[in-house]
Amino acid sequence: MDADVVISGAGPTGLLLASELALAGVRVRVLERRLARHQESRALTLHPRSIEIMDLRGIADRFLELGRTVPGWHFAGLPQRLDFSALRTRHGYCLFLEQARVERVLEGRARELGVEISYGHELLAVAQDEDGVEVAVRAPGGESGLRAAYVVGCDGGRSRVRDSAGIGFPGTDATMTSMLGDFMVIDHDAIAAVGEDSPVLIAPLESGATRLVVTDPLRMRVPASEPVTFEEFRDALVRMAGSSFGIAEPRWLSRFGNATRLAEAYRAGRVLLAGDAAHIHFPAAGQGLNTGLQDAMNLGWKLAAEINGWAPAALLDSYHTERHAVGRTVTANTQAQTLLLELTLLPDYRQPVTALRELMNDLLQIPEVNSHLAALVSALGISYASSDDDPLVGARMPDIPSTTTDGRRLRVSELLHTGRFAYLDFTGAREGAAAVAAGWGDRVEVMAGDPPSTAGDLAEVLVRPDGHVAWVRRRHETPDVAARESALRTWAGAPRQAAVTA
């Protein structure tokens with residue numbers, strides 16, 4: 001094997017996935033057809049759950065020191081903002097940070113962990129057999145082949161990995177397009193004169209440029225493949241906002257649409273998909289990049305477990321089960337948001353849709369409604385389906401602090417920096433901690449400590465490497481050694497030796 005895993009695509013999803021695999025000792029090769037990283041930034045924001053998963057690996061500060069935080073975000077561009085600060089998280093905000101900078105940090109992390117990243121290497125096709133995958137590659141020196149145990153397509157909406165694996169990509173074609181432009185020269189006084197009611201999205205970039213996004217009814221049916229001209233963009237601004245804002249020196253012009261597609265499967269044998277290769281949609285509320293990062297976090301430890309030989313049966317298949325359901329939710333809510341935007345631009349629908357938007361805006365002022373949609377957009381509300389009746393199982397583990405037996409004060413996220421499971425024993429008896437350490441200490445970080453007030457009635461908790469809860473026992477429940485061992489075997493595989501019983 002030339003590598004355990006070949007990843008096609010050095011965008012945020014591919015780079016985070018590569019880091020996760022390398023953290024677990026997996027040999028990774030990343031192929032990127034571009035000759036260098038993008039300097040343009042399609043996405044501009046990291047949502048709370050994405051910042052949380054960076055915190056799980058101890059690298060959140062690398063992003064936070066580069067961007068600026070805002071306490072909320074929007075749903076369908078409605079004036080009433082979603083309040084992320086009201087959600088149960090240490091990171092109740094959106095981080096405004098350009099994608100180019102996100103990629104720079106993630107690439108640095110991947111290289112620290114020994115990942116080989118090959119720019120100017122284009123994946124042409126994949127063919128799998130029982131033992132591995134053959135990858136055809138076009139490089140500066142000509143065409144060649146690589147062999148790996150698995151291939152992951154993080155290569156965007158036109159994924160060659162997905163096409164080579166024969167995975168369907170059903171959905172809908174674009175019914176509208178918007179235009180994006182990053183300009184080095186702009187009249188800020190003209191922008192201020194328009195105020196917050198401007199139909200144009202305006203965002204200052206760290207590079208000194210200003211991003212404008214406009215949806216022009218006269219140009220919204222132009223295919224996304226047609227290049228945007230400076231004159232077209234300027235004319236659209238005048239029609240929509242009454243001003244060209246003095247734009248000049250365009251650094252980047254682009255057109256994007258609301259085509260929405262979801263891969264039929266996230267796994268086909270030894271081929272897997274993540275990010276835009278698995279799902280595309282209109283960038284409503286900025287969920288695309290964030291969903292891809294969360295795909296990578298879910299897949300990384302599971303694929304590493306398979307390669308390292310301890311994965312329980314069906315663990316790798318659970319990647320599709322869990323993340324395909326999330327993909328369905330994201331594509332559905334972005335379609336709803338897009339429709340609320342698109343129909344306001346059509347004369348026949350403008351009046352009733354304006355009334356609907358006003359109603360939605362009123363509903364967002366109800367705290368419970370606001371929190372529901374904030375949890376949806378931020379991905380903090382994701383809970384993976386489980387047969388367990390406890391609502392915490394499948395949900396994100398709260399980042400509670402605790403004191404270990406040797407006096408260290410740690411948060412749950414700090415236990416997960418190694419990319420392994422975390423087992424928390426708040427019973428005071430310590431038998432569970434001893435049993436888990438004896439049987440699964442090579443895969444599970446064990447903490448036996450006094451329960452903090454924030455732990456409530458938790459007695460024992462098994463937390464997955466991606467921060468979701470695999471198993472829990474409450475204080476009012478009878479200690480159950482068999483249930484604990486069953487959960488460990490289901491998620492963390494067979495013990496390395498006979499587990500100490502309690």
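We count residues from 1, following the sequence as given. Keep in mind the model is a prediction, meaning the values are calculated, not measured. Reckoned from all heavy atoms, side chains included, excluding hydrogens, waters and symmetry mates.
- A salt bridge links Asp317 to Arg267: at least one charged side-chain nitrogen sits closer than 4.0 Å to a carboxylate oxygen.
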Determine, step by step, whether Leu106 and Phe63 satisfy the side chain to side chain contact (heavy atoms under 4.5 Å, CB included) criterion, reporting the C-alpha distance in whole Å, the side-chain angles of both residues, the deciding distance to 0.1 Å, and the verdict. CA-CA 9 Å; Leu106 290 173; Phe63 299 90; 3.8 Å; yes

Carefully, step by step, assess Asp457 and Arg475 under the rule salt bridge (charged side-chain N to carboxylate O under 4.0 Å, His left out). CA-CA 5 Å; Asp457 66 344; Arg475 289 188 173 278; over 6 Å; no

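- Across all their heavy atoms, Ile51 and Ala60 have their closest contact at O-CB, 4.0 Å.
- The residues Glu107 and Arg104 are annotated as not salt-bridged, no charged nitrogen and carboxylate oxygen being separated by less than 4.0 angstrom.
- Side-chain atoms of Asp442 never come within 3.5 Å of backbone atoms of Arg496 as a donor-acceptor pair (strictly under, hydrogens ignored).
- Look at Arg489 and Glu485 and you find a salt bridge, because one of the NZ, NE, NH1 or NH2 atoms lies within 4.0 Å of a carboxylate O, short of that distance.
- In this structure, Met54 and Val102 have side chains that are not in contact, with every pair of non-hydrogen atoms separated by 4.5 Å or more.
- Side-chain contact between Leu64 and Tyr93: present, with at least one pair of heavy atoms (C-beta onward) separated by less than 4.5 Å.
- Ion pairing of Glu431 with Arg484 is absent here, as no side-chain N (NZ or NE/NH1/NH2) approaches a carboxylate O to less than 4.0 Å.
- No donor-acceptor pair under 3.5 Å is formed between the side chain of Arg473 and the backbone N or O of Ala459.
- Taking the ring centre of Phe96 as origin, the terminal cationic atom of Arg68 falls inside the region bounded by 6.0 Å and 45° from the ring axis.
- A donor-acceptor pair under 3.5 Å is formed between the side chain of Asp155 and the backbone N or O of Val161.
- Here the OG atom belonging to Ser50 is positioned 11.5 Å from the CG atom belonging to Leu97, to the nearest 0.5 angstrom.
- Remark: side-chain polar atoms of His47 are not paired, donor with acceptor, to backbone N or O of Thr291 under 3.5 angstrom.
- In this structure, the side chains of Leu392 and Arg474 come closer than 4.5 Å at one or more pairs of heavy atoms.
- Between the side chains of His121 and Tyr119, no donor-acceptor pair of N or O atoms lies under 3.5 Å.
- For the 3.5 Å distance criterion, the side chains of Gln294 and Asn298 fail to qualify, holding no donor opposite an acceptor.
- For the pair Ser318/Leu315, a side-chain contact is recorded, criterion being any heavy-atom separation below 4.5 Å from C-beta on.
- Considering every non-hydrogen atom in both Pro170 and Glu264, the closest pair reads CD-CG, 3.5 Å.
- Between Asp55 and the options Arg62, Arg396, Arg411, a salt bridge (charged side-chain N to carboxylate O under 4.0 Å, His left out) holds for only Arg411.
- With values rounded to the nearest 0.5 angstrom, Thr334 atom OG1 is found 11.5 Å from Leu339 atom CG.
- Environment of CZ in Arg158: sparse, with no more than 12 heavy atoms of neighbouring residues, nucleotides or ligands closer than 6.0 Å.
- Nearest approach of Asp276 to Phe169, heavy atoms of both residues: O-CZ, 3.9 Å.
- Residues Ala492 and Phe421 come closest through the heavy atom pair CB-CE1, 3.8 Å.
- Between Leu17 and Val5 there is no side-chain heavy-atom pair separated by less than 4.5 Å.
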Could you please spell out the steps behind the salt bridge (charged side-chain N to carboxylate O under 4.0 Å, His left out) verdict for Arg147 and Asp129? CA-CA 11 Å; Arg147 185 162 177 81; Asp129 54 46; 3.0 Å; yes

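- Side chain of Asp425 to main chain of Ala433: a donor-acceptor pair is present (N/O by atom type, distance under 3.5 Å, no hydrogens or angles).
- To the nearest 0.5 angstrom, Leu44 atom CG is 11.0 Å from Leu95 atom CG.
- Contact record, Pro12 with Gln99: CD-NE2, 3.7 Å, taken as the closest heavy-atom pair.
- Contact annotation: the side chain of His281 approaches that of Val330 to within less than 4.5 Å [non-hydrogen atoms, C-beta and beyond].
- The pair Arg29-Asp2 fails the salt-bridge criterion, with no side-chain N (NZ, NE, NH1 or NH2) lying under 4.0 Å from an Asp/Glu carboxylate O.
- Between Arg109 and Leu23 there is a side-chain heavy-atom pair separated by less than 4.5 Å.
- Separation of atoms CH2 (Trp301) and CZ (Arg464) is listed at 4.5 Å; rounding is to 0.5 Å.
- Within the 4.5 Å cutoff, no side-chain heavy atoms of Ser378 are placed close to those of Arg49.
- Checking Arg162 against Tyr266 by side-chain atom types alone, no donor-acceptor pair falls below 3.5 Å.
- For Glu98 (side chain) and Glu206 (main-chain N/O), a donor-acceptor pair under 3.5 Å exists by modelled atom type.
- Asn370 contributes a side-chain N or O that, together with a main-chain N or O of Arg81, makes up a donor-acceptor pair within less than 3.5 Å.
- Taken to the nearest 0.5 Å, the CG atom of Leu82 stands 8.5 Å off from the CD atom of Gln80.
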